[in-house]
Structure formats: C-alpha cells, structure tokens
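Here is the structure we will look at.
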Amino acid sequence: MDHIVAAVDYSESSYEAARAAAQLSLRMGADLTLLSVLPDGHPTVPGLMESSPSLGMQERLHSTIVTEFPKLHFKMAMACGLPPIEIGRFAESRQADLVVLGRKSRSRADRLFLGDTADAVLRRSRIPCMLVPVGRTGVSHVLASLDGTDRGFMVFEYAAELASHALMTLNALTVDPIWPGETVSLGGDVKSGRAERLSERIQQRVPHGRRGLGVAACGTDLLQVRRGDTVTEIAAAITELNADILVIGFHRGGPAMMVNGESVSRQLLHVVPSIVITVPL
C-alpha cells in the first residue's frame, strides 16, 4: 500500500477518518492525501478562496493532524464537483490503494436507505474503501469475514497483506447458517464442507500460521467458524475479539439499496462498531 486518500468534509466523522488514515499511513509507510470536495459553483480563483470557509477548515484540519502526528508526511488537496464522483476520480487518477471515509451514525429511519456519500462511493469504487465511525480510530487487529467462495477469498488475501505489512493481528471468520429443523447444539461440533475447504485454503496461504504473516498471536485460531445469522455473528465476533477493522467483500454497482434488504455488507456497515474495509468484488 503506497498511497492512501482520505476524503474529509470537516465533520466530526471525517476528522476521525483522517486520524485513522494517518495511523495506517504511518504503519504502512504510505503517502497520505487529505481530500476535500467543494460543490459545483464554489469559487476556485485563489484570490476568492482566501475568504472561503472551506480554506479555514482545511487549515484547522492540517494543524490538527500535524499536532497529533508530528512524524507524518501528508498532502492536502481540493476538488470541485459531486463528492461521490470526485472522490473516486481523484483516487483513481492518483493511483491510490485505499480510500478512507467517515462513517456517520444515522437514525433507524434514516438507515432504511443508503443514499449517502459513503454508499455512493462504495458502489462506484474500484479501490478498497475504509469507513471509520466516530470514536474508533485503532488500527491494530483485523478480522476478515469470508463467504467461502473463490471470489470472496480475495477478502482474506487483502486482509492478510494488510496485517502483514502493518504488523497487525489477524483473524478470519466464516458463518455457517443454521438450517430449518437443525439441532442448534450441533453447530458447535460440526463444520460444513464449505468451512473445511476454506480452512484448507487458509492453511495453504499461511502455512506457518501467524508467523507467516509477521503478526502477533491473539490466542485464537486464525479461522473461526460460527453458526447462525451472518450479520449477528460477525458483530458478536468483533466485540469478542476486540477487532479494530472488519474486512468484507462488497459488490459494486446498482442503485442505493435498502439496508434491510439482501446485502449483508450494507447491513454490516450500520451495525458493527468497528472500522470497515470493503474489498470490491
């Protein structure tokens, strides 16, 4: 990971995003750019920009990051247009490896639909995105959520590389469903064929366990297999493992979707307390 772009709108959540991006940048030795997107029609002539409220907020953010991360080297950038479009365009034009966004808390009614900037960026982005909620900036323990498919294994590959280069603790998790009429107590003793195959693939990818990743052990197996509702079990695992970052697969494209629809990834974005990194599938 050589270049991280953090989009900021000077809200509390975007300050948290900038802090998390700064921590990760230091861990990875990556370049960091803090990007703000001004609406269409905003004055871009230097003489007019001097009185712009955005310029003052940019200076405040710059001062905050410099104070909190004195060893960090970063750049400030501005773009003009629609944030969901310009954020992705800027990140791709600068060959960014990760886009960092703030994750704002929303009421239950507001959460019925994902029509905000973050969702719009995720649906368009060919680059992994990291969403940071207010109050969560730690970047030391990664949990990769896997669905057992060949395409979904990209999530583990990404999480393993991230953990290795940033010296983070890593866990992987897959959730087997409980089928109608199945004895619930059986779930703790029997793994599905999908989970067994996934475990074998991880063993092949990391033959020496955590030592192969260069990360610290956290006292549990690299892969955990849980039974039950996917969203509920992933949220519970994050709390039990005290994971800072959840890495999930995310299908690009399509309109804004209902959180309570079929998209597990979109539901997780509003349920889990941790930072979430989405890997485009």
Side-chain angles (χ1 to χ4, degrees), residues 12-13 16-17 19-21 23-24 27 100-108 110-111 114 118-119 122 128-148 152 155-156 158-160 162-163 166-178 184-189 191-192 194-195 198-199 202 209-210 213 215-250 259-279:
E12 184 179 2
S13 62
E16 296 285 15
R19 291 186 178 96
Q23 290 188 48
L24 189 58
R27 278 180 172 268
V100 183
L101 304 158
R103 202 176 94 204
K104 300 175 182 178
S105 60
R106 308 177 73 183
S107 68
R108 186 176 182 83
D110 289 339
R111 281 165 44 194
L114 281 174
D119 178 64
L122 295 183
C129 295
M130 184 168 87
L131 289 91
V132 183
V134 175
R136 294 299 293 261
T137 56
V139 288
S140 60
H141 186 177
V142 179
L143 175 64
S145 174
L146 312 178
D147 64 6
V155 174
F156 180 77
Y158 183 90
L162 178 67
L167 299 179
M168 298 182 186
T169 303
L170 174 67
N171 280 106
L173 169 71
T174 191
V175 180
D176 282 340
I178 297 177
V184 178
S185 60
L186 193 64
D189 302 319
K191 293 181 180 180
S192 67
R194 179 181 65 84
L198 185 57
S199 180
I202 290 177
R210 297 176 193 286
L213 293 173
V215 297
C218 62
T220 60
D221 293 334
L222 187 59
L223 175 67
Q224 287 197 7
V225 180
R226 300 175 73 112
R227 303 293 294 272
D229 175 71
T230 302
V231 175
T232 301
E233 294 302 323
I234 292 175
I238 289 172
T239 300
E240 293 174 15
L241 296 172
N242 195 29
D244 301 308
I245 300 175
L246 172 68
V247 183
I248 59 176
F250 195 91
V259 176
N260 294 330
E262 296 181 356
S263 174
V264 171
S265 298
R266 282 176 167 85
Q267 293 181 60
L268 287 169
L269 290 173
H270 285 284
V271 172
V272 299
S274 65
I275 293 171
V276 178
I277 293 180
T278 60
V279 178

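Values below: all heavy atoms of this structure, side chains included; hydrogens, waters and symmetry mates excluded. This chain uses plain numbering: 1 for the first residue, then up along the sequence.
- Residues Asp176 and Arg226 are not paired through a salt bridge, judged by the lack of any N-O separation under 4.0 Å between the basic side chain and the carboxylate.
- Contact annotation: the side chain of Val276 never approaches that of Ile245 to less than 4.5 Å [non-hydrogen atoms, C-beta and beyond].
- The side-chain heavy atoms of Leu222 and Ile202, taken from C-beta on, include a pair separated by under 4.5 Å.
- The closest donor-acceptor contact from the side chain of Ser145 to the backbone of Ala172 lies at 3.5 Å or more, if one exists at all.
- Using modelled atom types, one side-chain atom of His141 and one backbone atom of Leu241 make a donor-acceptor pair closer than 3.5 Å.
- Once rounded to the nearest 0.5 Å, the distance linking CG of Leu268 with OG1 of Thr278 reads 11.5 Å.
- For Pro128 against Ile277, the heavy-atom pair with the smallest separation is CB-CG2, 4.4 Å.
- A donor-acceptor contact shorter than 3.5 Å is absent between the side chain of Arg227 and the backbone of Val175.
- By the 4.5 Å heavy-atom criterion applied to side chains, Val225 and Leu198 are not counted as neighbours.
- Of all heavy-atom pairs between Gly152 and Leu146, the closest is O-CD2, 4.2 Å.
- Counting heavy atoms from C-beta on, the side chains of Pro273 and Arg136 come closer than 4.5 Å.
- Two residues are said to be in side-chain contact when any heavy atoms from C-beta on lie closer than 4.5 Å; Val247 and Met130 fail this criterion.
- For the atom pair Leu173 CG and Asp147 CG, the distance stands at 11.5 Å (nearest 0.5 Å).
- Using a distance-only test at 3.5 Å, with no hydrogens or angles considered, a donor-acceptor pair links the side chain of Arg27 to the main chain of Val139.
- Atom CG of Leu101 sits about 9.5 Å away from atom OG of Ser13, to the nearest 0.5 Å.
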Apply side-chain contact (heavy atoms from CB on, under 4.5 Å) to Leu24 and Val100, showing your working. CA-CA 10 Å; Leu24 189 58; Val100 183; 5.8 Å; no

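- Here the straight-line distance linking atom CG of Leu170 with atom CG of Leu223 works out to 10.0 Å at 0.5 Å rounding.
- Once rounded to the nearest 0.5 Å, the distance linking CD1 of Ile234 with CG of Asp229 reads 9.0 Å.
- Using a 4.5 Å cut-off on side-chain heavy atoms (C-beta onward), Asn171 and Val142 make no contact.
- We find the OG1-CD distance between Thr230 and Gln267 to be 9.0 Å, quoted to the nearest 0.5 Å.
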Between Val155 and Ile248, is the side-chain contact (heavy atoms from CB on, under 4.5 Å) condition met? List the steps. CA-CA 6 Å; Val155 174; Ile248 59 176; 5.6 Å; no

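- Remark: the Asp244 side chain and the Ser274 side chain contain no N/O donor-acceptor pair separated by less than 3.5 Å.
- Nearest heavy-atom pair across Ala195 and Thr174 is CB-CG2, 4.2 Å.
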